[in-house]
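Naming: A, B, ... by sequence-line order, numbering from 1 per chain.
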Protein chains: 2
Amino acid sequence: MTIQDIADAAQVAKSTVSKVINDSPKVSDQTKSRIWGIIREMNYTPSSLATQLAKQTSRNIGLLIDLSREHEFLDHFFFNIIGGIESALVERKYELTISNIQQPDRPEQHFMKRLVLNRRVDGLIANNSVLTEPLCEELLAHRFPFISIGEVQSPVSWVDFDNEAGGHMLAAHLLERGYRRLAFFAGERDEKLFVRRFGGFARALAEAGLPAPDEAALRGLADTDSGYALGLRMLDLPAGERPDAVVCMSNYAAFGLLKAARERGVDVPGGLGIAAFDDYPMSPYTTPPLTCLKIDTFTLGVSAGELLLEQLRDPDMPLQKRMLEPQLIVRESTRSETAAGGQAVGSSAADF
Amino acid sequence: MTIQDIADAAQVAKSTVSKVINDSPKVSDQTKSRIWGIIREMNYTPSSLATQLAKQTSRNIGLLIDLSREHEFLDHFFFNIIGGIESALVERKYELTISNIQQPDRPEQHFMKRLVLNRRVDGLIANNSVLTEPLCEELLAHRFPFISIGEVQSPVSWVDFDNEAGGHMLAAHLLERGYRRLAFFAGERDEKLFVRRFGGFARALAEAGLPAPDEAALRGLADTDSGYALGLRMLDLPAGERPDAVVCMSNYAAFGLLKAARERGVDVPGGLGIAAFDDYPMSPYTTPPLTCLKIDTFTLGVSAGELLLEQLRDPDMPLQKRMLEPQLIVRESTRSETAAGGQAVGSSAADF
DNA sequence: TTGTACGCGTTATCAT
DNA sequence: ATGATAACGCGTACAA
């Protein structure tokens, strides 16, 4: 069942059928509706393979993932991100191909050959953890359109959450609820993500006239185990040095901290406030429920998709960096508004 | 940069270059290596678009998802499943396209047109929640290859976990640890998933000579809220009727139950044992950590991919149903082995 | 407004 | 072993 069959049935040339399908203005409305009728009747669908070859476009974009690296963020929000990308692409009749990068053992299966040089995809979206500098350079050298999910150094358009604003929101919230000695769990100094988030955290402290202590940031991974370990260490500090609130880099770190507090008999939120980046499905169900910074990963995907589509339309589009605002979800791991006043005075009096 | 450019550079016909690329035996090793040299030197990669048209195959398989329906299972394990599928496909040089089903408003973008009739993909993988009976019939009528993730009624090959065995494992574990009056949270009678799991649960009870009470299964959604509500209701039963252990359909239901137990001052695992299907990342970090049934979703994806590939190879392959064994992860929400003896006697003595 | 002829880049068939 | 030529199915100038 090809376009020729339709042409034969309609007693026209196949080029006419093609024009009808592509809604060319150079064909009469009468023949259009007549041929559409035949197309529907014969249940014809153009071969995308042939169309793609003729139009020299795959109408397909690739999403690069790294299966080897457990990238918790992507891992967790993958479904939403993909959903967002998909919904942006489907509008413009693009499809989404998922591809694992890296086959260290078989370089011939590298995505660069499989997808890019191949022209199997018209553009690429990838997380900044897979978009290394040299990789970006290579793609830029090929003038191949791509977008990063997450801030990146190279001259590339990207979408990300405003992590600085997020750090500020969490710290400002804790200060507003009367906490005065804030700590930050956990991360490595050189991570971009940490730098941004801690920057916002420090800014909120500075705005409140409080010192932004370097030691406020406890090093370590942002997982449950190190949240627990750091938590015990912190809670065992002498009363005068012990922080009364913590901003956690992840829900997992907060879980660990929660466990440590429970073991040490420290009341949350009374004696210790906890607020965390991200908002995992179980965060409403911890004891107490966790105050979190929710990030809309679906919209993140939409933004990435739309940005790439724009770039496909206009290859000379100037670089764009889109930042999405996170949203504070206040639950019970931070003191309530009413409690803040009384608690705050008492707490700060005792601590300082 | 086309195959013709290589042919010109090598002073041969393009058909010869094509044969070299496809490693045809009808070309001398000498010219092979000579032309491969030129290919590498000129950095040539065949256009997949042209290859696909000529070979009449997209070398692409589609994964159908439903963004509108919050299908918790897929949602949560999406990354792993995709990873598994991808790793199976890459071996055979297939790519994976993700596609959202349903555009109720625009039927012309239905995946049936976009992917199947189009021949944009050579085969399909989908969860049983999207593979409705009529949809299966339609695909079968087209003789289009596809695999279901999750058991399905239609004559279709599928992969799934052995839910019956899972129900049995959880119940048998509770019995082995001395619990005697088991309940089952939660689910609807007509759900296939529930039927299988509860079947295994009931079988374990029967094997232990215990009645498999119909009322053992408390109806409701398998989420945290209903786990909590059902939990309170159950814990408030008179001592003689109150179950001393529960198998939960999901981690979330278990969280709710855990919360209810804490509020009623019921000790877990001493006074109440809890074991749940699935093993979410936070289940080791609840208080107490949750005894779970781990399912290897990556392998599930691999199986689905491999099964589809086999079907692509041999369209007349007989139907296959592959069941993967779940794995019991014993944590602290069920009594320890040593405690089981003593507790069991006391408990059963009190209860019966 | 419709039809003709060729191009898209590759593979496959059949001569040589 | 190699080369010429015809598919593959569709899009599109250009001619009619």
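Under 4.0 Å is where a charged nitrogen must lie from a carboxylate oxygen, and between B:Arg114 and A:Glu95 at least one such pair does. Salt bridge A:Glu310/A:Arg322: present, at least one basic N to carboxylate O contact under 4.0 Å. At a threshold of 4.0 Å, the pair B:Asp162-B:Arg196 does not count as salt-bridged, since none of the basic side-chain nitrogens sits closer than that to a carboxylate oxygen. Contact check on A:Lys32 versus A:Asp23 returns a salt bridge, with a Lys/Arg side-chain nitrogen under 4.0 Å from an Asp/Glu carboxylate oxygen.
Rounded to 10 degrees, the angle separating the terminal axes of the helix from C:dT1-D:dA16 to C:dT16-D:dA1 is 40°, with each axis obtained from five end pairs.
A heavy atom lying under 4.0 Å from DNA chain C marks the following residues of residues 31-39 of chain A, by number: A:Thr31.
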Stepwise side chain to side chain contact (heavy atoms under 4.5 Å, CB included) test for B:Leu324 and B:Thr299
CA-CA 8 Å; B:Leu324 274 52; B:Thr299 301; 3.7 Å; yes
Going 5' to 3' through nucleotides 3-11 of chain C and flagging B where a protein heavy-atom sits under 4.0 Å of the base, S where only the sugar-phosphate is that close, and - otherwise, we get BB---BBBB
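Side chains of A:Ser68 and A:Asp66: a donor-acceptor N/O pair is present below 3.5 angstrom, by distance only. Between the side chains of B:Ser24 and B:Asn22, no donor-acceptor pair of N or O atoms lies under 3.5 Å.
A side-chain donor-acceptor contact under 3.5 Å links B:Asp122 to the backbone of B:Arg59.
In this entry the distance linking CG of A:Asp23 with C1' of D:dC10 reads 17 Å, nearest Å.
Atom OG1 of B:Thr45 sits about 12.0 Å away from atom CZ of B:Arg40, to the nearest 0.5 Å. B:Glu138 CD to B:Ser154 OG: the interatomic distance, rounded to the nearest 0.5 Å, is 12.5 Å.
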